2 protein chains.
Amino acid sequence: MSYSRRTTINCENNPESDCAIEASLSILGGKWKLKIYKALRSGKPLRFTEIKTLLEPISDKSLTAQLREMEEDNLLTREVYPVIPPKVEYGLTTLGNSLEGIFIALEQWGKTYIDQR
Amino acid sequence: MSYSRRTTINCENNPESDCAIEASLSILGGKWKLKIYKALRSGKPLRFTEIKTLLEPISDKSLTAQLREMEEDNLLTREVYPVIPPKVEYGLTTLGNSLEGIFIALEQWGKTYIDQR
DNA sequence: TCAGCAACTTACCATAAGGTAAGTTATTGT
DNA sequence: ACAATAACTTACCTTATGGTAAGTTGCTGA
């Protein structure tokens, strides 16, 4: 998708309710976001490397970037354990869990689309 | 979003159901796709210029590109009236109409997200 | 004769997202 | 002494998407 990320979503010049949709897409539009959601959807927090293994072939750089953005957007929590080597666990927030509806809708429609060919 | 368009969606290397989601996103990921859907959602077919006015400030180039892709993806119909100056009407197909679920899910979640700040 | 119209097409350019590959940190096990 | 480890960061590059501005078509009304 090409919904660029924004720092502040401005609904001012959006008299209609496009804004809500734009918000959703700007937040979920990253190439790996929904896959990260999927990895964490079970409820169990995962470590950086565990997520990375699940999403392969994602790069370290991309994974950190996407995780940071999702954290900023309050979709997931990041817990740092002060040990060496480092240990960091990521889990879904309440807002993160509320993505389920979108996930299901996209999955269902995708199946419909694929079937129709 | 950064779900690049594909000619054939390959589910072969996708043992999980990610494929359906990827299909959805690759098809809806265009910057204007969901706005075009929204414009046509009432059921009434619209002309190129009418859509353009509704979506402003979209460029001619982008609008044609997005419409063409949606047509290829069987989301909308394109009816050409052989008159001069040209008249072309776009409307939703059955598959196009089935996007409603995604539309609603994105809209609802976006509202939730915006409220939580 | 010629500007105006709708629906394009074309050439060119700007931006952003993401990839690759390497480096960083501080401790622990060999 | 030193390689290994997890979770990054950095510099650099490629690609895709979309924007701008101009041109095209063929008839019609002034």
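In what follows, every chain begins at residue 1, and chains take the letters A, B, ... in the order their sequences are listed. Since this is a predicted model, take the numbers as computed values, not measurements.
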Measure the distance from [atom1] on [X] to [atom2] on [N] and round it to the nearest whole Å.
X        : N       : atom1 : atom2 : result
Lys31(B) : dT15(C) : NZ    : P     : 13 Å
Ile58(A) : dA7(D)  : CD1   : P     : 14 Å
Ile36(B) : dG18(D) : CD1   : C1'   : 13 Å
Tyr81(A) : dT5(D)  : OH    : C1'   : 18 Å
Lys35(A) : dG18(C) : NZ    : C1'   : 14 Å
Glu56(B) : dG19(D) : CD    : C1'   : 14 Å
Leu25(B) : dA17(C) : CG    : P     : 16 Å
Leu28(A) : dA17(C) : CG    : P     : 15 Å

Q: Report the residues that fulfil ring pair (Phe, Tyr, Trp, His ring centres under 6.0 Å) with Tyr90(A), sequence neighbours left out, ordered by chain and then residue number.
A: none

**Q.** Test ring pair (Phe, Tyr, Trp, His ring centres under 6.0 Å) applied to Tyr37(B) - qualifying residues, sequence neighbours left out
**A.** Phe103(B)

Q) With respect to the phosphate group of dA6(D), does any side-chain polar atom (N or O) of Lys52(A) fall under 4.0 Å of OP1 or OP2? A) no

Q) Looking only at side-chain N and O atoms, does Gln66(A) come under 4.0 Å of OP1 or OP2 in dA17(C)? A) no

Q | Set of residues satisfying side chain to side chain donor-acceptor pair (under 3.5 Å) with respect to Arg41(B), sequence neighbours excluded | A | Glu100(B)

Q. Tell me, which pairs form a ring-ring contact (aromatic ring centres under 6.0 Å, His included) where one or both residues lie in residues 70-89 of chain A, sequence neighbours left out?
A. none

Q. For the residue pair Ala105(B) and Gly101(A), what are the closest heavy atoms and their distance?
A. CB-O, 4.1 Å

Protein-nucleotides 5-10 of chain C N/O pairs under 3.5 Å:
from	atom 1	to	atom 2	distance (Å)
dA6(C)	O3'	Arg47(B)	NH2	3.0
dA6(C)	O3'	Pro86(B)	O	3.0
dA7(C)	OP1	Arg47(B)	NE	3.1
dA7(C)	OP1	Arg47(B)	NH2	3.3
dA7(C)	OP1	Val88(B)	N	3.2
dA7(C)	OP2	Thr49(B)	N	2.9
dA7(C)	OP2	Thr49(B)	OG1	2.2
dC8(C)	OP1	Arg68(B)	NH2	3.3
dC8(C)	OP1	Arg78(B)	NH2	2.4
dC8(C)	OP2	Tyr90(B)	OH	2.5
dC8(C)	N4	Asp60(B)	OD2	2.8

Q. Going by the side chain to side chain donor-acceptor pair (under 3.5 Å) test, which pairs reach into residues 46-55 of chain B, not counting sequence neighbours?
A. Lys52(B)-Asp60(B)

